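The next block holds one structure in the form of C-alpha coordinates; read it before the comments.
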Protein chains: 2
Amino acid sequence: MAADAAVQRATALTSADRAFETLRTQIVEGELAPGAPLAEVEQATRLGVSRTPVREAFARLIAAGLATERGPRTLVVSDIDADDVTALFDLRRALDEQAARLAAARAASDAPTAAAFTTLADRFRAVTSATLQADDAQRHGYYALVAEFDAALDAALTSSPYLASAIASTRVHLARVRRLARDDDARLAASAAEHGAIARAIADGDGERAAAATRLHLHEALTSIHAHLPRSGANRPKERA
Amino acid sequence: MAADAAVQRATALTSADRAFETLRTQIVEGELAPGAPLAEVEQATRLGVSRTPVREAFARLIAAGLATERGPRTLVVSDIDADDVTALFDLRRALDEQAARLAAARAASDAPTAAAFTTLADRFRAVTSATLQADDAQRHGYYALVAEFDAALDAALTSSPYLASAIASTRVHLARVRRLARDDDARLAASAAEHGAIARAIADGDGERAAAATRLHLHEALTSIHAHLPRSGANRPKERA
DNA sequence: CAAGCGCTGAATGTATACATTGAGACCATG
DNA sequence: CATGGTCTCAATGTATACATTCAGCGCTTG
(Lines give C-alpha, C1' and ligand atoms only; values in the text may rest on other atoms or scores of the structure.)
Protein backbone atom coordinates (compact mmCIF):
# COMPACT_ATOMS: atom_id res chain seq x y z
CA MET A 1 0.00 0.00 0.00
CA ALA A 2 0.90 3.64 -0.26
CA ALA A 3 2.04 3.87 3.34
CA ASP A 4 4.36 0.94 2.82
CA ALA A 5 5.74 2.51 -0.32
CA ALA A 6 6.34 5.70 1.61
CA VAL A 7 8.13 3.83 4.34
CA GLN A 8 10.08 1.95 1.72
CA ARG A 9 11.13 5.22 0.16
CA ALA A 10 11.89 6.69 3.55
CA THR A 11 14.13 3.80 4.52
CA ALA A 12 15.74 3.99 1.09
CA LEU A 13 17.38 7.17 2.33
CA THR A 14 20.86 6.30 3.45
CA SER A 15 22.44 7.39 6.69
CA ALA A 16 24.55 9.78 4.67
CA ASP A 17 21.39 11.38 3.29
CA ARG A 18 19.92 11.81 6.74
CA ALA A 19 23.16 13.16 8.14
CA PHE A 20 23.42 15.69 5.33
CA GLU A 21 19.80 16.78 5.68
CA THR A 22 20.12 17.15 9.43
CA LEU A 23 23.30 19.18 9.21
CA ARG A 24 22.00 21.30 6.34
CA THR A 25 18.84 22.13 8.24
CA GLN A 26 20.70 22.93 11.42
CA ILE A 27 23.09 25.22 9.58
CA VAL A 28 20.32 27.05 7.73
CA GLU A 29 18.25 27.35 10.90
CA GLY A 30 21.22 28.72 12.75
CA GLU A 31 21.47 25.93 15.31
CA LEU A 32 24.98 25.42 14.03
CA ALA A 33 26.35 28.95 14.07
CA PRO A 34 28.69 30.28 11.39
CA GLY A 35 32.26 29.48 12.32
CA ALA A 36 31.31 26.48 14.42
CA PRO A 37 33.75 23.63 13.91
CA LEU A 38 32.53 20.46 12.25
CA ALA A 39 34.40 17.49 13.67
CA GLU A 40 33.77 14.03 12.32
CA VAL A 41 33.73 12.08 15.55
CA GLU A 42 31.64 14.67 17.37
CA GLN A 43 28.96 14.80 14.67
CA ALA A 44 29.07 11.03 14.22
CA THR A 45 28.27 10.44 17.88
CA ARG A 46 25.72 13.24 17.92
CA LEU A 47 23.88 11.90 14.85
CA GLY A 48 24.23 8.29 15.94
CA VAL A 49 26.07 7.06 12.86
CA SER A 50 29.65 6.21 12.06
CA ARG A 51 32.22 8.56 10.58
CA THR A 52 31.77 7.29 7.02
CA PRO A 53 28.33 8.78 6.32
CA VAL A 54 29.39 11.93 8.18
CA ARG A 55 32.34 12.30 5.85
CA GLU A 56 30.02 12.08 2.88
CA ALA A 57 27.65 14.60 4.43
CA PHE A 58 30.57 16.98 5.01
CA ALA A 59 31.62 16.62 1.37
CA ARG A 60 28.13 17.63 0.27
CA LEU A 61 28.06 20.56 2.67
CA ILE A 62 31.31 21.80 1.16
CA ALA A 63 29.90 21.40 -2.34
CA ALA A 64 26.80 23.34 -1.33
CA GLY A 65 28.94 26.11 0.15
CA LEU A 66 27.56 25.63 3.65
CA ALA A 67 30.88 24.49 5.10
CA THR A 68 34.38 25.73 4.40
CA GLU A 69 37.74 24.10 4.88
CA ARG A 70 39.73 26.32 7.17
CA GLY A 71 43.25 25.07 7.30
CA PRO A 72 44.33 21.61 6.21
CA ARG A 73 42.26 19.61 8.65
CA THR A 74 39.55 21.82 9.97
CA LEU A 75 36.05 22.23 8.69
CA VAL A 76 33.79 25.02 9.88
CA VAL A 77 30.28 26.23 9.15
CA SER A 78 30.53 28.90 6.46
CA ASP A 79 30.34 32.44 7.66
CA ILE A 80 27.92 34.82 5.99
CA ASP A 81 28.12 38.58 6.32
CA ALA A 82 27.06 41.66 4.42
CA ASP A 83 29.80 41.28 1.83
CA ASP A 84 28.72 37.71 1.17
CA VAL A 85 25.16 38.86 0.66
CA THR A 86 26.29 41.38 -1.93
CA ALA A 87 28.35 38.73 -3.69
CA LEU A 88 25.46 36.29 -3.56
CA PHE A 89 23.18 38.85 -5.17
CA ASP A 90 25.73 39.42 -7.94
CA LEU A 91 25.13 35.79 -8.82
CA ARG A 92 21.38 35.89 -8.25
CA ARG A 93 21.00 38.84 -10.57
CA ALA A 94 22.71 36.93 -13.35
CA LEU A 95 20.71 33.76 -12.79
CA ASP A 96 17.28 35.14 -11.97
CA GLU A 97 17.20 37.61 -14.85
CA GLN A 98 18.05 34.88 -17.32
CA ALA A 99 15.53 32.57 -15.68
CA ALA A 100 12.83 35.22 -15.99
CA ARG A 101 13.66 35.70 -19.66
CA LEU A 102 13.52 31.98 -20.39
CA ALA A 103 10.34 31.48 -18.40
CA ALA A 104 8.68 34.31 -20.33
CA ALA A 105 9.78 32.76 -23.62
CA ARG A 106 8.24 29.50 -22.56
CA ALA A 107 5.02 31.12 -21.36
CA ALA A 108 4.71 32.75 -24.79
CA SER A 109 4.45 29.34 -26.43
CA ASP A 110 3.02 27.23 -23.62
CA ALA A 111 -0.42 28.11 -22.31
CA PRO A 112 -0.28 26.15 -19.02
CA THR A 113 2.91 27.96 -18.05
CA ALA A 114 1.33 31.31 -18.81
CA ALA A 115 -1.76 30.35 -16.80
CA ALA A 116 0.33 29.30 -13.82
CA PHE A 117 2.09 32.64 -13.68
CA THR A 118 -1.16 34.55 -14.18
CA THR A 119 -2.55 32.78 -11.12
CA LEU A 120 0.59 33.54 -9.14
CA ALA A 121 0.45 37.20 -10.14
CA ASP A 122 -3.11 37.43 -8.81
CA ARG A 123 -2.19 35.74 -5.56
CA PHE A 124 0.76 38.06 -5.05
CA ARG A 125 -1.49 41.04 -5.71
CA ALA A 126 -3.82 39.84 -2.97
CA VAL A 127 -0.96 40.21 -0.47
CA THR A 128 -0.90 43.78 0.77
CA SER A 129 0.28 45.45 3.91
CA ALA A 130 -3.37 45.51 4.97
CA THR A 131 -3.78 41.73 4.81
CA LEU A 132 -0.28 41.02 6.02
CA GLN A 133 0.76 41.34 9.61
CA ALA A 134 4.34 40.51 10.35
CA ASP A 135 3.64 37.64 12.69
CA ASP A 136 5.43 34.42 12.02
CA ALA A 137 2.41 32.62 10.63
CA GLN A 138 1.83 35.28 8.00
CA ARG A 139 5.49 35.43 7.18
CA HIS A 140 5.61 31.67 6.79
CA GLY A 141 2.58 31.77 4.53
CA TYR A 142 4.18 34.42 2.37
CA TYR A 143 7.43 32.50 2.06
CA ALA A 144 5.38 29.46 1.07
CA LEU A 145 3.88 31.52 -1.74
CA VAL A 146 7.37 32.56 -2.84
CA ALA A 147 8.32 28.88 -2.79
CA GLU A 148 5.40 28.17 -5.13
CA PHE A 149 6.70 30.89 -7.41
CA ASP A 150 10.13 29.30 -7.35
CA ALA A 151 8.58 25.92 -8.17
CA ALA A 152 6.72 27.42 -11.14
CA LEU A 153 9.98 28.93 -12.34
CA ASP A 154 11.67 25.54 -12.04
CA ALA A 155 8.88 23.94 -14.00
CA ALA A 156 9.40 26.50 -16.76
CA LEU A 157 13.13 25.74 -16.86
CA THR A 158 13.04 22.04 -17.63
CA SER A 159 15.05 22.63 -20.79
CA SER A 160 17.74 24.54 -18.89
CA PRO A 161 18.73 22.18 -16.11
CA TYR A 162 22.14 23.75 -15.58
CA LEU A 163 20.54 27.12 -14.89
CA ALA A 164 17.84 25.59 -12.71
CA SER A 165 20.43 23.74 -10.69
CA ALA A 166 22.51 26.88 -10.18
CA ILE A 167 19.43 28.77 -9.01
CA ALA A 168 18.54 25.99 -6.59
CA SER A 169 21.96 26.27 -5.01
CA THR A 170 21.51 29.99 -4.41
CA ARG A 171 18.19 29.42 -2.65
CA VAL A 172 19.89 27.56 0.16
CA HIS A 173 22.07 30.56 0.88
CA LEU A 174 19.12 32.90 0.56
CA ALA A 175 17.36 30.98 3.31
CA ARG A 176 20.32 31.66 5.59
CA VAL A 177 20.24 35.34 4.71
CA ARG A 178 16.55 35.54 5.59
CA ARG A 179 17.34 34.43 9.11
CA LEU A 180 19.95 37.16 9.46
CA ALA A 181 17.79 40.00 8.21
CA ARG A 182 14.15 39.46 8.98
CA ASP A 183 11.90 41.36 6.62
CA ASP A 184 9.42 43.76 8.19
CA ASP A 185 5.82 43.75 6.99
CA ALA A 186 6.31 46.80 4.78
CA ARG A 187 9.15 45.10 2.96
CA LEU A 188 7.11 41.91 2.64
CA ALA A 189 4.25 43.78 1.01
CA ALA A 190 6.63 45.52 -1.38
CA SER A 191 8.26 42.22 -2.16
CA ALA A 192 4.85 40.73 -2.97
CA ALA A 193 4.15 43.57 -5.39
CA GLU A 194 7.52 43.04 -7.07
CA HIS A 195 6.96 39.30 -7.37
CA GLY A 196 3.55 40.02 -8.85
CA ALA A 197 5.12 42.27 -11.48
CA ILE A 198 7.61 39.56 -12.40
CA ALA A 199 4.92 36.90 -12.62
CA ARG A 200 2.73 39.11 -14.77
CA ALA A 201 5.57 39.91 -17.16
CA ILE A 202 6.37 36.21 -17.49
CA ALA A 203 2.71 35.37 -18.05
CA ASP A 204 2.63 38.01 -20.79
CA GLY A 205 5.65 36.41 -22.42
CA ASP A 206 7.57 39.67 -22.12
CA GLY A 207 11.10 38.52 -21.35
CA GLU A 208 12.78 41.90 -21.12
CA ARG A 209 10.08 43.27 -18.81
CA ALA A 210 10.40 40.15 -16.66
CA ALA A 211 14.17 40.58 -16.50
CA ALA A 212 13.85 44.25 -15.61
CA ALA A 213 11.28 43.48 -12.91
CA THR A 214 13.59 40.84 -11.53
CA ARG A 215 16.52 43.22 -11.44
CA LEU A 216 14.38 45.80 -9.65
CA HIS A 217 13.19 43.23 -7.13
CA LEU A 218 16.70 42.05 -6.38
CA HIS A 219 17.94 45.60 -5.99
CA GLU A 220 15.17 46.40 -3.49
CA ALA A 221 15.67 43.15 -1.62
CA LEU A 222 19.40 43.70 -1.34
CA THR A 223 18.93 47.27 -0.14
CA SER A 224 16.45 46.13 2.49
CA ILE A 225 18.71 43.36 3.69
CA HIS A 226 21.68 45.66 4.07
CA ALA A 227 19.54 48.11 6.02
CA HIS A 228 18.66 45.35 8.48
CA LEU A 229 22.12 43.85 8.72
CA PRO A 230 24.99 44.72 11.01
CA ARG A 231 27.48 46.88 9.15
CA SER A 232 29.77 45.07 6.78
CA GLY A 233 32.94 44.42 8.74
CA ALA A 234 35.23 46.77 6.91
CA ASN A 235 37.14 46.98 10.17
CA ARG A 236 36.96 43.31 11.05
CA PRO A 237 39.33 41.70 8.56
CA LYS A 238 37.67 38.74 6.90
CA GLU A 239 39.49 35.58 7.74
CA ARG A 240 38.92 33.95 4.38
CA ALA A 241 42.08 33.28 2.37
CA MET B 1 64.17 25.00 -0.25
CA ALA B 2 61.58 25.80 -2.86
CA ALA B 3 61.73 22.31 -4.32
CA ASP B 4 61.13 20.80 -0.92
CA ALA B 5 58.20 23.09 -0.35
CA ALA B 6 56.76 22.01 -3.69
CA VAL B 7 57.20 18.36 -2.81
CA GLN B 8 55.70 19.05 0.56
CA ARG B 9 52.67 20.63 -1.07
CA ALA B 10 52.46 17.80 -3.56
CA THR B 11 52.47 15.13 -0.89
CA ALA B 12 49.99 17.21 1.06
CA LEU B 13 47.46 16.19 -1.56
CA THR B 14 45.43 13.34 -0.22
CA SER B 15 44.65 10.16 -2.09
CA ALA B 16 41.13 11.42 -2.48
CA ASP B 17 42.48 14.55 -4.19
CA ARG B 18 44.57 12.52 -6.58
CA ALA B 19 41.72 10.12 -7.31
CA PHE B 20 39.38 13.01 -8.05
CA GLU B 21 41.90 14.76 -10.28
CA THR B 22 42.64 11.59 -12.20
CA LEU B 23 39.00 10.77 -12.74
CA ARG B 24 38.12 14.34 -13.63
CA THR B 25 40.88 14.52 -16.22
CA GLN B 26 39.99 11.17 -17.72
CA ILE B 27 36.34 12.13 -18.02
CA VAL B 28 37.12 15.51 -19.60
CA GLU B 29 39.67 13.96 -21.95
CA GLY B 30 37.16 11.33 -22.97
CA GLU B 31 39.15 8.35 -21.72
CA LEU B 32 36.14 7.57 -19.59
CA ALA B 33 33.31 7.79 -22.09
CA PRO B 34 29.89 9.24 -21.25
CA GLY B 35 27.66 6.55 -19.83
CA ALA B 36 30.59 4.47 -18.60
CA PRO B 37 29.81 2.97 -15.20
CA LEU B 38 31.84 4.10 -12.21
CA ALA B 39 32.22 1.21 -9.78
CA GLU B 40 33.99 1.73 -6.48
CA VAL B 41 35.99 -1.48 -6.37
CA GLU B 42 37.00 -1.28 -10.00
CA GLN B 43 38.27 2.31 -9.77
CA ALA B 44 39.87 1.61 -6.39
CA THR B 45 42.00 -1.19 -7.81
CA ARG B 46 42.71 0.76 -10.97
CA LEU B 47 43.86 3.84 -9.08
CA GLY B 48 45.69 1.83 -6.45
CA VAL B 49 43.82 3.17 -3.43
CA SER B 50 41.06 1.86 -1.22
CA ARG B 51 37.37 2.47 -1.66
CA THR B 52 37.21 5.31 0.84
CA PRO B 53 39.07 7.95 -1.19
CA VAL B 54 37.27 6.74 -4.30
CA ARG B 55 33.95 7.36 -2.61
CA GLU B 56 35.01 10.89 -1.82
CA ALA B 57 36.18 11.42 -5.39
CA PHE B 58 32.82 10.15 -6.67
CA ALA B 59 31.00 12.58 -4.41
CA ARG B 60 32.99 15.46 -5.86
CA LEU B 61 32.38 14.27 -9.41
CA ILE B 62 28.65 14.28 -8.72
CA ALA B 63 28.87 17.78 -7.25
CA ALA B 64 30.77 18.94 -10.34
CA GLY B 65 28.16 17.40 -12.60
CA LEU B 66 30.62 15.02 -14.24
CA ALA B 67 28.93 11.92 -12.87
CA THR B 68 25.25 11.14 -12.45
CA GLU B 69 23.47 8.69 -10.22
CA ARG B 70 21.49 6.39 -12.43
CA GLY B 71 19.33 4.19 -10.30
CA PRO B 72 19.79 3.77 -6.57
CA ARG B 73 23.21 2.17 -6.69
CA THR B 74 24.76 2.94 -10.02
CA LEU B 75 26.99 5.83 -10.94
CA VAL B 76 27.83 6.64 -14.54
CA VAL B 77 29.87 9.28 -16.33
CA SER B 78 27.50 12.12 -17.26
CA ASP B 79 26.33 12.13 -20.81
CA ILE B 80 26.59 15.32 -22.83
CA ASP B 81 24.74 15.91 -26.06
CA ALA B 82 23.49 18.81 -28.15
CA ASP B 83 20.63 19.55 -25.76
CA ASP B 84 23.03 19.67 -22.85
CA VAL B 85 25.20 22.13 -24.73
CA THR B 86 22.24 24.41 -25.30
CA ALA B 87 21.29 24.18 -21.64
CA LEU B 88 24.87 24.83 -20.60
CA PHE B 89 24.96 27.95 -22.72
CA ASP B 90 21.72 29.17 -21.13
CA LEU B 91 23.70 29.23 -17.91
CA ARG B 92 26.88 30.60 -19.46
CA ARG B 93 25.01 33.50 -20.98
CA ALA B 94 23.66 34.47 -17.60
CA LEU B 95 27.01 34.16 -15.85
CA ASP B 96 29.39 35.50 -18.47
CA GLU B 97 27.31 38.59 -19.25
CA GLN B 98 27.18 39.52 -15.60
CA ALA B 99 30.87 38.79 -15.23
CA ALA B 100 31.67 41.05 -18.16
CA ARG B 101 29.58 43.83 -16.64
CA LEU B 102 31.27 43.52 -13.26
CA ALA B 103 34.75 43.30 -14.78
CA ALA B 104 34.10 46.44 -16.79
CA ALA B 105 32.91 48.23 -13.66
CA ARG B 106 36.09 47.24 -11.92
CA ALA B 107 38.29 48.25 -14.85
CA ALA B 108 36.65 51.66 -14.77
CA SER B 109 38.00 52.27 -11.28
CA ASP B 110 41.09 50.07 -11.24
CA ALA B 111 43.88 50.90 -13.67
CA PRO B 112 45.75 47.57 -13.46
CA THR B 113 42.60 45.68 -14.38
CA ALA B 114 42.02 47.95 -17.36
CA ALA B 115 45.63 47.54 -18.44
CA ALA B 116 45.40 43.76 -18.24
CA PHE B 117 42.40 43.66 -20.52
CA THR B 118 43.96 46.15 -22.94
CA THR B 119 46.93 43.82 -23.29
CA LEU B 120 44.64 40.85 -23.80
CA ALA B 121 42.65 42.71 -26.45
CA ASP B 122 45.85 43.40 -28.38
CA ARG B 123 46.96 39.79 -28.15
CA PHE B 124 43.60 38.55 -29.37
CA ARG B 125 43.78 40.99 -32.27
CA ALA B 126 47.13 39.49 -33.25
CA VAL B 127 45.42 36.15 -33.76
CA THR B 128 44.00 36.02 -37.27
CA SER B 129 43.25 33.25 -39.71
CA ALA B 130 46.54 34.18 -41.41
CA THR B 131 48.66 33.52 -38.33
CA LEU B 132 46.55 30.62 -37.14
CA GLN B 133 46.70 27.20 -38.70
CA ALA B 134 44.46 24.60 -37.19
CA ASP B 135 47.15 22.23 -36.06
CA ASP B 136 47.04 21.08 -32.51
CA ALA B 137 49.92 23.23 -31.34
CA GLN B 138 48.27 26.42 -32.55
CA ARG B 139 44.95 25.37 -31.13
CA HIS B 140 46.53 24.63 -27.80
CA GLY B 141 48.24 28.02 -27.84
CA TYR B 142 44.96 29.74 -28.55
CA TYR B 143 43.15 27.92 -25.78
CA ALA B 144 45.98 28.92 -23.46
CA LEU B 145 45.31 32.54 -24.37
CA VAL B 146 41.62 32.04 -23.62
CA ALA B 147 42.65 30.58 -20.28
CA GLU B 148 44.62 33.75 -19.58
CA PHE B 149 41.51 35.75 -20.39
CA ASP B 150 39.51 33.59 -17.98
CA ALA B 151 42.15 34.15 -15.32
CA ALA B 152 41.98 37.91 -15.82
CA LEU B 153 38.21 37.72 -15.48
CA ASP B 154 38.58 35.76 -12.25
CA ALA B 155 41.01 38.35 -10.94
CA ALA B 156 38.44 41.06 -11.66
CA LEU B 157 35.74 39.13 -9.79
CA THR B 158 37.38 38.85 -6.39
CA SER B 159 34.44 40.65 -4.80
CA SER B 160 31.93 38.27 -6.38
CA PRO B 161 33.18 34.86 -5.33
CA TYR B 162 29.82 33.16 -5.80
CA LEU B 163 29.70 34.25 -9.43
CA ALA B 164 33.34 33.34 -10.00
CA SER B 165 32.77 29.91 -8.54
CA ALA B 166 29.72 29.29 -10.71
CA ILE B 167 31.68 30.32 -13.80
CA ALA B 168 34.53 28.01 -12.87
CA SER B 169 32.12 25.10 -12.70
CA THR B 170 30.86 25.81 -16.22
CA ARG B 171 34.40 25.80 -17.61
CA VAL B 172 34.82 22.13 -16.77
CA HIS B 173 31.82 21.28 -18.89
CA LEU B 174 32.98 23.59 -21.65
CA ALA B 175 36.22 21.63 -21.87
CA ARG B 176 34.20 18.48 -22.50
CA VAL B 177 32.19 20.23 -25.20
CA ARG B 178 35.38 21.33 -26.96
CA ARG B 179 36.39 17.72 -27.34
CA LEU B 180 33.06 16.87 -28.93
CA ALA B 181 33.04 19.70 -31.45
CA ARG B 182 36.51 20.70 -32.51
CA ASP B 183 36.65 24.25 -33.79
CA ASP B 184 37.99 24.78 -37.27
CA ASP B 185 40.55 27.52 -37.87
CA ALA B 186 37.97 29.93 -39.29
CA ARG B 187 35.91 29.63 -36.11
CA LEU B 188 39.00 30.05 -33.97
CA ALA B 189 39.92 33.27 -35.75
CA ALA B 190 36.38 34.59 -35.35
CA SER B 191 36.41 33.59 -31.69
CA ALA B 192 39.63 35.51 -31.21
CA ALA B 193 38.06 38.62 -32.70
CA GLU B 194 35.03 38.24 -30.42
CA HIS B 195 37.20 37.78 -27.35
CA GLY B 196 39.16 40.86 -28.37
CA ALA B 197 35.96 42.88 -28.55
CA ILE B 198 34.94 41.73 -25.08
CA ALA B 199 38.37 42.52 -23.63
CA ARG B 200 38.37 45.97 -25.20
CA ALA B 201 34.91 46.78 -23.88
CA ILE B 202 35.96 45.71 -20.39
CA ALA B 203 39.16 47.71 -20.62
CA ASP B 204 37.08 50.75 -21.62
CA GLY B 205 34.87 50.23 -18.58
CA ASP B 206 31.82 49.89 -20.81
CA GLY B 207 29.75 47.23 -19.06
CA GLU B 208 26.82 47.10 -21.44
CA ARG B 209 29.09 46.84 -24.48
CA ALA B 210 31.04 44.08 -22.74
CA ALA B 211 27.82 42.24 -21.97
CA ALA B 212 26.58 42.60 -25.54
CA ALA B 213 29.91 41.41 -26.95
CA THR B 214 29.74 38.43 -24.61
CA ARG B 215 26.25 37.58 -25.71
CA LEU B 216 27.32 37.79 -29.34
CA HIS B 217 30.32 35.59 -28.71
CA LEU B 218 28.28 32.95 -26.95
CA HIS B 219 25.68 32.96 -29.69
CA GLU B 220 28.33 32.43 -32.36
CA ALA B 221 30.11 29.78 -30.33
CA LEU B 222 26.88 27.87 -29.71
CA THR B 223 25.93 28.04 -33.39
CA SER B 224 29.33 26.75 -34.42
CA ILE B 225 29.21 23.92 -31.92
CA HIS B 226 25.81 22.77 -33.04
CA ALA B 227 26.98 22.82 -36.66
CA HIS B 228 29.81 20.48 -35.75
CA LEU B 229 27.81 18.21 -33.49
CA PRO B 230 25.74 15.15 -34.33
CA ARG B 231 22.10 16.08 -34.43
CA SER B 232 20.33 16.46 -31.14
CA GLY B 233 18.68 13.14 -30.46
CA ALA B 234 15.09 14.20 -30.86
CA ASN B 235 14.41 10.61 -31.83
CA ARG B 236 16.63 8.98 -29.21
CA PRO B 237 14.66 9.56 -26.01
CA LYS B 238 16.92 10.91 -23.32
CA GLU B 239 17.18 8.50 -20.46
CA ARG B 240 17.37 11.11 -17.77
CA ALA B 241 14.54 10.99 -15.26
C1' DC C 1 63.46 32.90 33.81
C1' DA C 2 62.86 32.35 28.90
C1' DA C 3 63.25 29.64 24.82
C1' DG C 4 63.42 25.55 22.32
C1' DC C 5 62.67 20.71 21.99
C1' DG C 6 60.12 16.50 22.34
C1' DC C 7 56.10 14.05 23.77
C1' DT C 8 51.45 12.88 24.11
C1' DG C 9 46.95 12.83 22.44
C1' DA C 10 43.29 13.65 19.53
C1' DA C 11 41.86 14.44 15.07
C1' DT C 12 41.79 13.32 10.18
C1' DG C 13 43.07 10.06 6.25
C1' DT C 14 43.03 5.37 4.79
C1' DA C 15 42.11 0.56 4.64
C1' DT C 16 39.37 -3.27 5.45
C1' DA C 17 35.80 -6.16 7.56
C1' DC C 18 30.85 -6.74 7.98
C1' DA C 19 25.78 -5.94 6.56
C1' DT C 20 22.44 -5.42 3.16
C1' DT C 21 20.34 -5.01 -0.97
C1' DG C 22 19.57 -5.72 -5.83
C1' DA C 23 20.33 -8.03 -10.15
C1' DG C 24 20.95 -11.99 -12.79
C1' DA C 25 20.91 -16.79 -13.61
C1' DC C 26 19.27 -21.29 -13.01
C1' DC C 27 15.86 -24.55 -11.93
C1' DA C 28 11.36 -26.26 -11.24
C1' DT C 29 6.70 -26.36 -12.61
C1' DG C 30 2.44 -25.40 -15.21
C1' DC D 1 8.44 -24.07 -23.88
C1' DA D 2 7.40 -20.15 -21.06
C1' DT D 3 7.09 -18.32 -16.55
C1' DG D 4 7.70 -17.78 -11.88
C1' DG D 5 10.52 -18.25 -7.92
C1' DT D 6 14.55 -18.75 -5.43
C1' DC D 7 19.24 -18.62 -4.83
C1' DT D 8 23.73 -16.89 -5.36
C1' DC D 9 26.88 -13.32 -5.86
C1' DA D 10 28.65 -8.99 -6.38
C1' DA D 11 28.26 -4.32 -5.39
C1' DT D 12 27.18 -0.59 -2.36
C1' DG D 13 26.45 1.19 2.52
C1' DT D 14 28.26 1.16 7.08
C1' DA D 15 31.29 0.47 10.86
C1' DT D 16 35.65 0.11 12.77
C1' DA D 17 40.62 -0.65 13.06
C1' DC D 18 45.06 1.27 11.75
C1' DA D 19 48.31 5.13 10.12
C1' DT D 20 49.67 9.71 10.17
C1' DT D 21 49.97 14.31 11.23
C1' DC D 22 49.42 18.46 13.82
C1' DA D 23 48.59 21.12 17.93
C1' DG D 24 49.20 21.90 22.71
C1' DC D 25 51.89 21.32 26.75
C1' DG D 26 55.46 20.35 29.77
C1' DC D 27 60.22 19.65 30.49
C1' DT D 28 64.86 20.59 30.03
C1' DT D 29 68.64 23.61 29.33
C1' DG D 30 71.23 27.83 28.50
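Below, chains carry the letters A, B, ... as their sequence lines are ordered, and counting in each starts from 1. Computed from a prediction, not measured in an experiment: that's the story for all the values here.
- Scored by the side chain to side chain contact (heavy atoms under 4.5 Å, CB included) test, A114(A) finds A107(A) as partners (sequence neighbours excluded).
- Note on S15(A): every side-chain N or O is 4.0 Å or more away from OP1 and OP2 of dG13(D).
- The interatomic distance linking L38(A) (CG) with dG13(C) (P) rounds to 13 Å, in whole Å.
- Within residues 46-67 of chain A, the residues that place at least one heavy atom under 4.0 Å from DNA chain C are, in residue-number order, R51(A), R55(A).
- Residues forming a side chain to side chain contact (heavy atoms under 4.5 Å, CB included) with E97(B) (at least two apart in sequence, or on another chain): R93(B), R101(B), A211(B), T214(B), R215(B).
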N/O donor to acceptor pairs below 3.5 angstrom from side-chain atoms of residues 163-170 of chain B, sequence neighbours left out:
residue: S169(B); atom: OG; partner: A166(B); partner atom: O; Å: 2.8
residue: T170(B); atom: OG1; partner: I167(B); partner atom: O; Å: 2.6

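- P34(B) is linked by a side chain to side chain contact (heavy atoms under 4.5 Å, CB included) to D79(B), R176(B), counting only residues two or more places apart in sequence or in another chain.
- In this structure, L13(B) places its CG atom 14 Å from P of dT21(D), rounding to the nearest Å.
- Sorted by first and then second residue, the pairs that involve residues 141-154 of chain A and meet salt bridge (Lys or Arg N to Asp or Glu O under 4.0 Å), not counting sequence neighbours, are R123(A)-E148(A), D150(A)-R171(A), D154(A)-R171(A).
- Rounded to whole Å, atom C1' of dT14(D) lies 14 Å from atom CD of E40(A).
- A salt bridge does not link R179(B) with E29(B): every distance from a Lys NZ or Arg NE/NH1/NH2 to an Asp or Glu carboxylate oxygen is 4.0 Å or more.
- For R73(B) and dA23(C), the CZ to P distance is 9 Å, given to the nearest whole Å.
- Whole-Å rounding puts the R18(B) CZ to dG13(C) P distance at 13 Å.
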